[in-house]
Amino acid sequence: NIGWGFNTTLFASRVEGVDLLGGHLGYRKGNFFGGVTFAYSNRDDSVTLRDYVYNSHYFRGDRIANVGVDAMWQWRRITLYGEAALACDSGMVAMVAGALVQADSRNRFGISVRHFDEAYHNPYAQPFAVGSTQNESGVALDAISRLPFRIDATLSLDLHKFSAPRYGAYMPSSGQWLRVRLDRHFGKYINFTLRYAYRYKERNIPNIDSVLYLNENTLRQQVQAELRSTLGQWQLSSRGVARSEERRVGKECEGMCR
C-alpha cells in the first residue's frame, strides 16, 4: 500500500527457461477498484512453428509484452467488472466485461461478454473461454435459483464464435453449449438430480472430391438422471443416461483452406 488509495504488486520469476516480470498498480475508493497491469516475458528459445492454415496467427518469437487496465464496482448486491489488454507485439486487444447480481443466498445471476482478437498473444492469461486467449468472441449467462417445490436449478449458457481459422476448423466458425441441472432433496437421505447438456460446434472434414474442406456441424445432446440415497454407512446410486448426436455437412471452405 503506497497511500491515497493506491497499492502496488510486483512479480518476477524464471521457470523452464522463461523469464517473467511485471506488476500491477491498483486504486481503491469506496466500492470502486481499478488498476493497470504490465507483464513481460522472455524465452531462452524462440518459438518457431511450421505454417498451417490454423496457426497463421499463433505467436512466434521469444518476447511478449502485455499491458492492461481493469475495474470493478460494487453497489449493494450488484457487481460490475471489466478488463481490457493490449499485446504489444501484435497490437491486438482482448476485452472481458460482465455483471453479477446476488439476489439472495439461493438466487444468483451473471452475464459476461468477451472478445479476443485473432492475434492477441498472452500464454499466461487464464480467462473464461472455450478455446484460448485469442480468436474468440462470446457471451455467457449463468444462473443459480431456487424454483418452486424446493428444486435447486443451475443454468449455464455460452454462445461463441471464432472469426479466423483455428485447429480443426479451417474457416470462421461458431459454437453453443447449454447446461442445466435440477436438484431435489427428499429429506436428509434421498437426492434426485437431472442434468441436460447441449453442445453445438463446427469443424472441417476433408472433401474426397476436391482439395478443399467441408464444414461439418455437430449437435450433441445428453440427459442424465441420478437418484442417490444414504442408509447409514451405505450410499446407493442409480443412474440413467440418454445421448443423441447429429452431424450435418455445411458449406465448402474456400480460399484460405487450399
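Taking 4.5 Å as the limit, every side-chain heavy atom of K201 sits out of range of all side-chain heavy atoms of W177. Side-chain contact between N31 and W75: absent, with no pair of heavy atoms (C-beta onward) separated by less than 4.5 Å. The closest side-chain heavy-atom distance from L178 to L155 is below 4.5 Å. When side chains are defined from C-beta on, H24 does not count as touching F11, because their heavy atoms never get closer than 4.5 Å. A 4.5 Å side-chain heavy-atom check between F59 and L49 finds every atom pair outside the cut-off. Counting heavy atoms from C-beta on, the side chains of L157 and V139 never come closer than 4.5 Å.
Every residue meeting the side chain to side chain contact (heavy atoms under 4.5 Å, CB included) condition with L227, not counting sequence neighbours, appears here in chain and number order: I190, F192. For Y124, there are no ring-ring contact (aromatic ring centres under 6.0 Å, His included) partners at least two apart in sequence or on another chain. Shown here are the ring-ring contact (aromatic ring centres under 6.0 Å, His included) partners of Y167, two or more places apart in sequence or in another chain: Y54. Residues passing the salt bridge (charged side-chain N to carboxylate O under 4.0 Å, His left out) test with E16, sequence neighbours excluded: none. In this structure, the side-chain hydrogen bond (donor to acceptor under 3.5 Å, both in side chains) partners of Q222, at least two apart in sequence or on a different chain, are R243. F32 meets the side chain to side chain contact (heavy atoms under 4.5 Å, CB included) test with Y27, A71, W73; sequence neighbours excluded. Residues satisfying the side chain to side chain contact (heavy atoms under 4.5 Å, CB included) criterion with S163, sequence neighbours excluded, are E118, N135.
Counting only residues at least two apart or in different chains, side-chain hydrogen bond (donor to acceptor under 3.5 Å, both in side chains) contacts with residues 231-240 comprise E226-S237, E226-R239. Under the salt bridge (charged side-chain N to carboxylate O under 4.0 Å, His left out) criterion, the residue pairs touching residues 50-64 are D51-R60, with sequence neighbours excluded.
In this structure, N191 CG and R184 CZ are separated by 9.5 Å, a value rounded to the nearest 0.5 Å. Here the straight-line distance linking atom OG1 of T154 with atom CZ of R179 works out to 12.0 Å at 0.5 Å rounding. In this structure, L21 CG and S13 OG are separated by 8.5 Å, a value rounded to the nearest 0.5 Å. Remark: Y198 OH to Q221 CD distance equals 7.0 Å, nearest 0.5 Å. Rounded to the nearest 0.5 angstrom, L159 CG and L141 CG are separated by 7.0 Å. Annotation: the span from S173 atom OG to R203 atom CZ amounts to 12.0 Å, rounded to 0.5 Å.
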Side-chain donor-acceptor pairs under 3.5 Å in residues 106-115, sequence neighbours left out?
{"from": "N107", "atom 1": "OD1", "to": "S145", "atom 2": "OG", "distance (Å)": "2.8"}
{"from": "N107", "atom 1": "OD1", "to": "R146", "atom 2": "N", "distance (Å)": "3.3"}
{"from": "N107", "atom 1": "ND2", "to": "D104", "atom 2": "OD1", "distance (Å)": "2.9"}
{"from": "N107", "atom 1": "ND2", "to": "D104", "atom 2": "OD2", "distance (Å)": "3.3"}
{"from": "R114", "atom 1": "NE", "to": "E136", "atom 2": "OE2", "distance (Å)": "2.8"}
{"from": "R114", "atom 1": "NH1", "to": "D158", "atom 2": "OD2", "distance (Å)": "3.1"}
{"from": "R114", "atom 1": "NH2", "to": "E136", "atom 2": "OE2", "distance (Å)": "3.0"}
{"from": "R114", "atom 1": "NH2", "to": "D158", "atom 2": "OD1", "distance (Å)": "2.9"}
{"from": "R114", "atom 1": "NH2", "to": "D158", "atom 2": "OD2", "distance (Å)": "3.3"}
{"from": "H115", "atom 1": "ND1", "to": "S137", "atom 2": "OG", "distance (Å)": "2.6"}
{"from": "H115", "atom 1": "NE2", "to": "D117", "atom 2": "OD1", "distance (Å)": "2.7"}

Identify every side-chain donor-acceptor pair in residues 36-44 under 3.5 Å, counting partners at least two apart or on other chains, and give the distances.
{"from": "R43", "atom 1": "NE", "to": "D45", "atom 2": "O", "distance (Å)": "3.3"}
{"from": "D44", "atom 1": "OD2", "to": "R14", "atom 2": "NH2", "distance (Å)": "2.5"}

Solution key, residues 78-93 side-chain donor-acceptor pairs under 3.5 Å, sequence neighbours excluded:
{"from": "D89", "atom 1": "OD2", "to": "H121", "atom 2": "ND1", "distance (Å)": "2.8"}
{"from": "S90", "atom 1": "OG", "to": "M92", "atom 2": "N", "distance (Å)": "3.3"}
{"from": "S90", "atom 1": "OG", "to": "A119", "atom 2": "O", "distance (Å)": "2.7"}

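When atom types are taken as modelled, the side chain of E202 and the backbone of S174 share a donor-acceptor pair closer than 3.5 angstrom. Looking at N204, its side chain does come within 3.5 Å of a backbone N or O of Y170 through a donor-acceptor pair.
Cluster membership for V69 and V96, using ILVMFWY side-chain heavy atoms within less than 4.5 angstrom, is not shared. By the criterion of side-chain heavy atoms lying less than 4.5 angstrom apart, applied directly or through intervening Ile, Leu, Val, Met, Phe, Trp or Tyr residues, L147 is not grouped with I144; the two fall into different hydrophobic clusters. Hydrophobic clustering places I151 together with Y196 (ILVMFWY residues linked when any side-chain heavy atoms are closer than 4.5 Å, directly or through intermediates). Hydrophobic clustering (side-chain heavy atoms under 4.5 Å, transitive across Ile, Leu, Val, Met, Phe, Trp, Tyr) keeps L219 apart from V130. V53 and F162 end up in different hydrophobic clusters when Ile, Leu, Val, Met, Phe, Trp and Tyr side chains are linked at under 4.5 Å.
Counting non-hydrogen atoms of other residues, nucleotides and ligands closer than 6.0 Å to CD of Q126 gives a total of 12 or fewer. Heavy atoms of other residues, nucleotides or ligands lying less than 6.0 angstrom from OH of Y189 number 12 at most. Applying the 6.0 Å contact sphere to CZ of R228 captures more than 12 heavy atoms from other residues, nucleotides or ligands.
R181 approaches R195 most closely through the heavy-atom pair NH1-NH2, 3.1 Å. When every heavy atom of L25 is checked against every heavy atom of F6, the shortest pair comes out as CD1-CD2, 4.2 Å.
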Exercise. Between L231 and L236, is a side chain to side chain contact (heavy atoms under 4.5 Å, CB included) present by the stated rule, with each step listed?
Worked result: CA-CA 8 Å; L231 299 174; L236 306 177; 4.1 Å; yes

